[in-house]
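These notes concern the structure reproduced below.
Every chain is numbered from 1 and lettered A, B, ... according to where its sequence line falls, protein lines coming before strand lines. We use all heavy atoms of the structure for the numbers below, so side chains are in, but hydrogens, waters and symmetry mates are not.
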Amino acid sequence: MDSTTVKASETSTTSAPQGFDMVMYRIKKHFTRVDPYLTIIGIFLWLFAYWVLCEGLKIWRFDKLPGPVAISKDWFSTTPFQGISIFTQEYYDHIVVSCRRILIAFGLATSLGVPLGLFMGWSRSIRDFVFPIIELLRPIPILAWVPLSILLLPGFEGPVIFLATLASFFVTTLNAMLGVDSIDEEYFRAAGCLGSSRWDVFVNVVVPGALPFIFTGLQISIGVAWFSLVAAEMVSGDLGLGYLIVDAYMNNVTVPMVIAMITLGFIGYFSSACVRAVGNKLMEWHVKELNQQGR
Amino acid sequence: MSSSSKVKTGNTKTKAAPSDSALVTLDGVSKAYGEAWMSDEVLKDISIEFPAGELTVIVGPSGCGKSTLVNIMAGFETPDTGSVSVDGKPIQGPAKDRMVVFQETALIPWQTTLENVTFGPKMRGEKKGASLKKEAEDLLIKVGLGEFMNKYPIQLSGGMQRRAELARALINEPNVMIMDEPFRGLDAMSRSLMQEFFLQLFDENRKTNIFVTSEIDEAIFLADNLVILSNKPTRVQKVIKIDLPRPRNYKMLTSAKAFEYKREAMELLHDEAMKSFAVAK
């Protein structure tokens, strides 16, 4: 069933392929598994269903939506009928603005949230001091903050970044704190027994031990950051993919609206993958642990 | 034997204890958890002397508070009454002169085997750099982990993890080693290999060893002195001096003398285990 198993004789006699050969070997191995085909078939099935609903049968209400053919015609056209394609500067302006905002917001949320969460997990008194407030503010929906953020901060940029930062910050902080809670007491005891100072324990036990939770949190938080960024851009914005969606809707051009949505999907996917890659780089031990469990 | 009387486990062995091992004394140690009106009394007036340079095994029915006793001797917890002292000096929290080898492995998973071993000296800033690395490598080679220095603990087998943990404790040159059921969870084969290996190490360095277990065979095989605990609230039931020659091997366990020790220990433990069994029902 599992065709990835390499024959024992091969592994023992041949040496590992180098450079480009290794890349080719990995690609070949990847495609001997079943999953990529399932993925490809899955994508086509979903696209086909979308096409049938909107363009093939034009089922009631779905006939108002742009189908895959209309979208891809415009998206990859040098002269897009509804104004947005991969050849128009405007498309990239929106992407760049949104990405820049996410970088700032996610960076701020991470650099504030991770240390705060770690300290909250590490010190009972810091937790008692901060945690109730965070728990009180956390359930407030991010859109409820919109008026306040517009009152508080000038211009378009401030409120939008503030909202994305806030949403992302809560997720990151909470996960970093839970990450410290998840560390087995034995490791603290072992470190104490070996003569670590409180700060040594923080650096060598608390931080690395909380990393798996932190990175799970960061993957969620970058998603949440995108979510609230787009919401904020739709309410108060001058540029950005969220603004593009609501602007297209107002002007009754539906194709750019969907293009912006799909673009958001791709960028979101890519940003989570980046966070995951950085995490795996930092947590070699954790990756090995998961591999050991066959995951 | 009355629980409050002072129990002396020391014997008249002629072999002198090395100067770097220490006498550990528990004097009237009691510990209870919970509020005063519904407290769970775990340890009751425990007094034991662990002679310097000898291997004393503590054995007791499961759930009798052996780990609490370990935590108190290590300095992770403080007793409600009584005191723990090393060479007459009361202990103050965990310290490097009393190394603990934990029940389940407590190797730090995000450090390689080598990093785990060098962790203690590095933290205390005593040794560092190449000389520390060399020392740790030598120690790891000695415990048979020469090829696994740069592996993470998860990549080692259970037996290897215990050996790495022994190395991590030994590099700190402790006066006292406290072993809390260190071989629990190992399969029978690795367990008996680890016991022999552990005795080898003990014969070489003769630290004061306090070894906690719930296995009678293991206890008799290892011990100079066998301390038998009761069911909760835990008292010392009896101390048996195990007079088997060293170095030991497994054949000794089938000797008449060893059988006699085992019979005595089992009778004491069986009665206690029955009590806790009845309570559980």
Side-chain angles (χ1 to χ4, degrees), chain A residues 11-12 16 114 118 121-122 124 175-176 178-218 276 278-295, chain B residues 67 70-77 91-113 115-127 150-157 161 164-165 167-174 176-180 182:
Chain A
T11 49
S12 57
V114 171
L118 288 175
W122 181 49
R124 189 76 231 181
N175 269 281
L178 295 177
V180 182
D181 288 350
S182 79
I183 303 171
D184 206 325
E185 181 63 25
E186 300 257 290
Y187 304 136
F188 289 99
R189 291 195 164 164
C193 183
L194 292 166
S196 312
S197 67
R198 208 162 142 70
W199 180 248
D200 288 333
V201 172
F202 184 75
V203 174
N204 292 291
V205 177
V206 172
V207 175
L211 272 188
F213 265 71
I214 292 177
F215 272 89
T216 307
L218 289 182
R276 219 171 7 250
V278 172
N280 288 346
K281 191 90 199 147
L282 286 177
M283 297 181 292
E284 211 187 328
W285 62 275
H286 190 57
V287 175
K288 294 218 161 101
E289 192 173 340
L290 294 179
N291 285 342
Q292 198 116 352
Q293 295 161 0
R295 283 196 270 163
Chain B
S67 289
V70 166
N71 286 341
I72 288 173
M73 290 189 287
F76 300 137
E77 292 180 37
I91 62 162
Q92 253 134 33
K96 72 145 200 165
D97 64 331
R98 279 166 286 121
M99 277 295 143
V100 182
V101 175
F102 295 88
Q103 215 168 67
E104 302 294 327
T105 177
L107 292 169
I108 296 176
W110 42 90
Q111 296 180 350
T112 62
T113 311
E115 285 167 348
N116 262 290
V117 174
T118 54
F119 187 73
K122 213 182 263 171
M123 284 302 104
R124 297 189 304 273
E126 291 168 358
K127 306 166 190 166
N150 297 315
K151 300 273 181 202
Y152 290 98
I154 187 80
Q155 298 172 286
L156 308 182
S157 72
Q161 289 177 353
E165 204 153 340
R168 182 173 72 170
L170 287 173
I171 200 168
N172 303 290
E173 292 158 0
V176 180
M177 293 270 283
I178 302 171
M179 325 273 295
D180 184 12

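Put simply, of B:Asn71, B:Thr112, B:Asn172, B:Ile108, the one with the most heavy-atom pairs under 4.5 Å next to chain A is B:Asn71. Interface remark: of the candidates B:Ala74, B:Gly120, B:Pro109, B:Pro109 forms the most heavy-atom pairs closer than 4.5 Å to chain A. Counting heavy-atom pairs under 4.5 Å between each of A:Lys288, A:Arg189, A:Glu289 and chain B puts A:Arg189 at the top. When each of B:Lys96, B:Arg168, B:Lys122 is checked for heavy-atom pairs under 4.5 Å with chain A, B:Arg168 comes out on top.
Taking every heavy atom of both residues into account, A:Glu284 and B:Tyr152 meet most closely at OE1-OH, 3.7 Å. For the pair A:Val205 and B:Trp110, the tightest heavy-atom approach, listed with the atom from each and the gap, is O-CZ2, 3.3 Å.
Without hydrogens or angle criteria, A:Trp285 side chain to B:Pro153 main chain gives no donor-acceptor distance under 3.5 Å.
Heavy atoms closer than 4.5 Å to chain A are found in the backbone of B:Ala95, but not in its side chain. Contacts of B:Ile171 with chain A are absent, with no heavy-atom separation under 4.5 Å from either backbone or side chain. Heavy atoms of A:Ile183 lying under 4.5 Å from chain B belong exclusively to its side chain. For A:Asp184, no part sits under 4.5 Å from any heavy atom of chain B, backbone or side chain.
Rounded to the nearest 0.5 angstrom, B:Gln155 CD and A:Asn291 CG are separated by 9.5 Å.
Residues of residues 190-197 of chain A placed with any heavy atom under 4.5 Å of a heavy atom in chain B are listed by number as A:Ala190, A:Ala191, A:Gly192, A:Cys193, A:Leu194, A:Gly195, A:Ser196. Within residues 208-216 of chain A, the residues having any heavy atom under 4.5 Å from a heavy atom of chain B are, by residue number, A:Pro208, A:Gly209.
Around the CD atom of A:Glu185, the shell of radius 6.0 Å holds more than 12 heavy atoms that belong to other residues, nucleotides or ligands.
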